Amino acid sequence: MSLTPAIVFAKTTKPKADTAIIGVFSDKKLSDSAKLTDSVLGGIISHQLSNHKTFKGTDGQTLTIALPAKSSYLRVIVLGLGEKDKLDVNKTETIGGRLLGALNAQGSETAVFLNAEELEVKNFNLLLHLLMGFRLGSYQFDNYKTKPKKDKAEPKLKTLTVLTDDVKGWTKEFSEFEILAQSVFITRDLVNEPPNKLYPETFANFIKKKLTPLGVKVEIFDKAKIEKLGMGLLYAVGQASEHEPRFVVMSWPGTAKKKKGQKPVALVGKGMTYDSGGLSIKPADAMVTMKMDMGGASAVVGAMHMLAKRKCSAPVVAVVPTAENSISDEAYRPDDIITSYSGKTVEVLNTDAEGRLILADALTYVQEKFDPAVIIDLATLTGAILISLGMDYCGVFSNDDALWKKIESSSKNTGEKVWRMPMDENFRREMDSQFADIKNVGNGRFGGSSTAAAFLSEFIDKGRPWAHLDIAGVATIKAAKPTNPKPFASGYGVRLLNDFIKENYE
Ligand code: BES
Ligand code: ZN
Ligand code: ZN
């Protein structure tokens with residue numbers, strides 16, 4: 001898959017392009033090569049910069065300067081990068097996205113970034129993240145549009161050329177970011193797909209088709225196998241739908257020669273292709289968007305794609321329980337008591353608390369089968385996490401401080417925000433059931449994300465490092481962003497997982 005616009009690195013001093021880009025921090029000082037361009041252009045850039053009343057070089061602000069006839073370019077875009085010490089990965093990627101927006105607004109077809117290599121900050125690679133934001137901002141999802149929109153000009157930009165002396169080095173470094181963006185796009189696509197097209201069977205088949213050629217072993221258990229294995233919870237949640245549940249197991253062996261006893265990292269993703277709430281049905285307004293309830297599974301699939309593509313040295317396994325929470329005369333009910341794969345019994349008091357049920361069977365399976373070094377699950381698990389943290393922060397629950405620190409550090413590296421949430425035995429006690437080993441909801445709405453995490457913790461072996469990421473708030477975005485002009489799916493989690501594995505297990 002090659003992405004448009006192409007991002008290429010080149011050494012040439014006379015690139016063919018309609019638009020030249022020059023980056024400046026908020027001090028508005030021109031870097032050396034920008035000064036050179038300025039003098040070739042007769043000082044037009046410095047003249048504009050010192051006389052312009054509103055261009056302050058703040059992050060993502062752009063100043064477009066039309067050039068006179070016979071100039072090498074039609075225009076120069078000065079890109080504001082804001083205050084040097086205040087830049088972080090997130091802001092930088094937003095600026096990259098804004099740059100793409102500015103180029104498309106000008107109808108630019110070919111652009112050249114003249115001084116990108118001279119723009120540096122202390123803590124991270126500014127250029128790579130700028131380009132990552134640029135790339136993420138090129139995401140589109142028009143699979144179901146039969147006609148292009150009349151009032152919307154199609155983006156024209158075909159190529160961004162970045163000038164550098166080290167073409168080979170940058171090309172190599174950026175190529176990993178390109179696969180990362182592709183992986184994020186896979187996750188976004190999956191979440192954006194409608195539930196009548198993407199349901200457990202088609203989801204599982206997609207995973208197999210996408211990952212098998214990359215060397216990931218993909219096994220799919222169908223409804224009969226799920227029942228035979230005794231995954232009672234996954235079976236129950238999926239039993240009402242004509243789209244039968246699936247259980248998908250992906251394993252990536254890792255390229256490193258196996259150190260004896262090297263345990264894999266395990267990823268688990270909630271894969272509800274639709275969550276109507278079941279018999280505890282959701283109100284109409286709350287049901288819309290519930291095609292996103294497989295956001296955790298999609299992030300895990302995107303991450304596996306990334307790991308396989310970049311030939312991750314560590315072994316990683318991922319499991320995705322996938323089902324549709326629907327209604328029929330066969331639907332599981334509030335009051336049902338179901339035996340889980342672990343053997344523990346669960347009293348269902350609300351069929352809309354279904355994610356924790358399918359995850360419970362998956363968590364048991366992955367531990368029994370793979371004895372992983374660590375488990376990370378991602379799930380659009382609770383509406384309550386939106387109340388606690390809004391749509392920017394993912395809630396992280398972990399039984400292991402060291403693991404939390406690792407996740408926090410990957411969050412800094414990638415800009416995918418996290419916030420640690422409390423686990424406490426009081427939450428677990430609240431889940432005690434009168435009739436079964438555990439019930440699937442707490443006593444009220446308070447602390448709903450923590451009671452959900454407490455439920456999951458019941459299915460984690462003692463001493464096993466585990467983190468549960470409640471991504472109900474972050475899996476989608478409400479309005480377009482420079483790094484995602486097509487709201488709905490965000491693709492959250494792919495970069496966090498990739499960085500987490502790279503930093504700690506390779
Ligand atoms: N899939 C939902 C959680 C959700 C809500 C995701 C909003 C994204 C946006 C989950 O299955 C659910 O319905 N949870 C219930 C739990 C409750 C019944 C204890 C909730 O959050 O209301
Ligand atoms: Zn639900
Ligand atoms: Zn759900």
Side-chain angles (χ1 to χ4, degrees), residues 191-192 195 198-200 203 233-234 236-238 240-241 245 268-299 320-327 331-336 346-362 377-395 397 421 427-428 430-431 433 438-456 468-478 487-490 492-493:
V191 172
N192 282 330
L198 191 113
Y199 44 85
F203 189 21
L233 295 173
L234 174 59
V237 169
S241 176
V268 178
K270 171 178 172 182
M272 296 307 301
T273 58
Y274 201 65
D275 182 12
S276 70
L279 287 176
S280 316
I281 194 165
K282 286 183 185 293
D285 288 348
M287 201 183 296
V288 194
T289 70
M290 279 304 137
K291 66 172 183 179
M292 57 79 98
D293 213 16
M294 29 63 85
S298 306
V320 162
T322 171
E324 178 178 326
N325 192 12
S326 193
I327 297 184
Y332 83 126
R333 328 153 183 75
D335 287 343
D336 278 357
V346 179
E347 181 181 24
V348 174
L349 292 179
N350 189 321
T351 60
D352 197 11
E354 82 300 333
R356 62 198 74 182
L357 300 178
I358 66 168
L359 286 171
D361 279 350
D377 81 70
L378 287 89
T380 49
L381 204 64
T382 66
I385 204 72
L386 276 139
I387 308 295
S388 318
L389 299 180
M391 294 189 76
D392 267 349
Y393 278 88
C394 161
F397 299 82
M421 297 288 290
F427 293 122
R428 172 60 193 84
E430 198 178 322
M431 305 304 279
S433 156
I438 191 166
K439 61 185 166 76
N440 78 332
V441 287
N443 297 331
R445 291 160 58 212
F446 296 170
S449 307
S450 285
T451 48
F455 180 91
L456 296 179
H468 156 58
L469 275 55
D470 193 334
I471 60 165
V474 295
T476 57
I477 55 169
K478 266 224 151 73
F488 190 59
S490 69
Y492 184 98

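Every value quoted in this text rests on a predicted model; they were computed, and no experiment measured them. Counting starts at 1 for both ligands and their atoms, following the listed order.
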side-chain contact (heavy atoms from CB on, under 4.5 Å) between Thr322 and Thr273, worked out
CA-CA 7 Å; Thr322 171; Thr273 58; 3.5 Å; yes
For Tyr393 and Ile385, what are the C-alpha separation, side-chain angles and deciding distance, and is it a side-chain contact (heavy atoms from CB on, under 4.5 Å)?
CA-CA 9 Å; Tyr393 278 88; Ile385 204 72; over 6 Å; no
Start with the C-alpha distance between Leu357 and Phe455, add both sets of side-chain angles, then the distance that settles side-chain contact (heavy atoms from CB on, under 4.5 Å), and finish with yes or no.
CA-CA 9 Å; Leu357 300 178; Phe455 180 91; 3.7 Å; yes
side-chain contact (heavy atoms from CB on, under 4.5 Å) evaluation trace for Met294 with Leu198
CA-CA 10 Å; Met294 29 63 85; Leu198 191 113; 3.4 Å; yes
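Residues Thr380 and Met290 are not in side-chain contact: their nearest non-hydrogen atoms beyond the backbone lie 4.5 Å or more apart. Looking only at side-chain heavy atoms (C-beta outward), Ile281 and Ile327 come within less than 4.5 Å of each other. A heavy-atom distance below 4.5 Å is found between the side chains of Arg428 and Ile438.
The backbone N or O of Gly277 sits nowhere less than 3.5 Å from a side-chain atom of Ser280 that would complete a donor-acceptor pair. A donor-acceptor pair under 3.5 Å is absent between the side-chain atoms of Ser449 and the main chain of Thr382, judged by distance alone. The backbone N or O of Asn443 lies less than 3.5 Å from a partner atom in the side chain of Glu430, making a donor-acceptor pair. Formation of a donor-acceptor pair under 3.5 Å by the Ser241 side chain with backbone atoms of Ser326 is not found in this model. Checked by atom type and distance alone, the side chain of Asp336 never pairs as donor or acceptor with a backbone atom of Val348 at under 3.5 Å.
Residue side and main chain included, Lys270 places an N/O/S atom under 2.8 Å of the Zn ion (ligand 3). The nearest N, O or S atom of Asp293 is not closer to the Zn ion (ligand 2) than 2.8 Å.
Among protein heavy atoms, atom 12 (C) of ligand 1 sits closest to Asp352 O, 3.2 Å. Scanning the protein heavy atoms around atom 6 (C) of ligand 1, the nearest turns out to be Ala472 CB, 3.6 Å. Shortest contact from atom 2 (C) of ligand 1 to any protein heavy atom: Asp275 OD2, 3.5 Å. Nearest protein heavy-atom contact of atom 20 (C) of ligand 1 is Gly383 N, 3.9 Å. Closest protein heavy atom to atom 19 (C) of ligand 1: Val441 CG1, 3.5 Å. With hydrogens left out, the protein atom closest to atom 7 (C) of ligand 1 is Met290 CE, 3.5 Å, a heavy atom. Of all protein heavy atoms, the one lying nearest to atom 10 (C) of ligand 1 is Leu381 O, 3.3 Å.
Residue-level proximity to ligand 1 for Met287 is absent, since no heavy atom of it falls below 4.0 angstrom. Using a 4.0 Å cut-off between heavy atoms, Arg445 makes no contact with ligand 1 at all. Contacts between Met272 and ligand 1, counted as non-hydrogen atom pairs separated by less than 4.0 Å, are absent for every part of the residue. At a heavy-atom cutoff of 4.0 Å, ligand 1 is contacted by the side chain of Lys270 but not by its backbone.
Which parts of ligand 1 touch Lys282 is read off a 4.0 Å heavy-atom cut-off, strictly below it: atoms 2 (C), 12 (C), 13 (O). Atoms of ligand 1 found under 4.0 Å from any heavy atom of Glu354 (numbered from 1 in listed order, with element): 11 (O). Remark: ligand 1 atoms within the under-4.0 Å shell around heavy atoms of Met292 are 8 (C). Close approach of ligand 1 to Thr382 is summarised as follows: ligand atoms under 4.0 Å from at least one heavy atom of the residue are 3 (C), 21 (O).
Atoms OE2 of Glu354 and OD2 of Asp275, as seen from the Zn ion (ligand 3), are separated by an angle of 90°, to the nearest 10°.
Remark: Leu279 CG to Tyr332 OH distance equals 9.0 Å, nearest 0.5 Å.
Ranked by closest heavy atom to atom 1 (N) of ligand 1, the top entry among Asp470, Asp293, Asn440 is Asp293.
In this structure, Thr476 does not count as a contact residue of ligand 1, since none of its heavy atoms falls inside 4.0 Å of the ligand.
For atom 22 (O) of ligand 1, the nearest protein heavy atom lies 4.0 Å or farther away.
Checked against a 3.5 angstrom limit, the closest N/O atoms of Asn350 and ligand 1 fall outside it. Remark: ligand 1 and Arg356 share no N or O pair separated by less than 3.5 Å (distance only, no angle test).
Under the 4.0 Å criterion applied to side-chain N and carboxylate O atoms, Asp377 and Lys270 are not assigned as salt-bridge partners.
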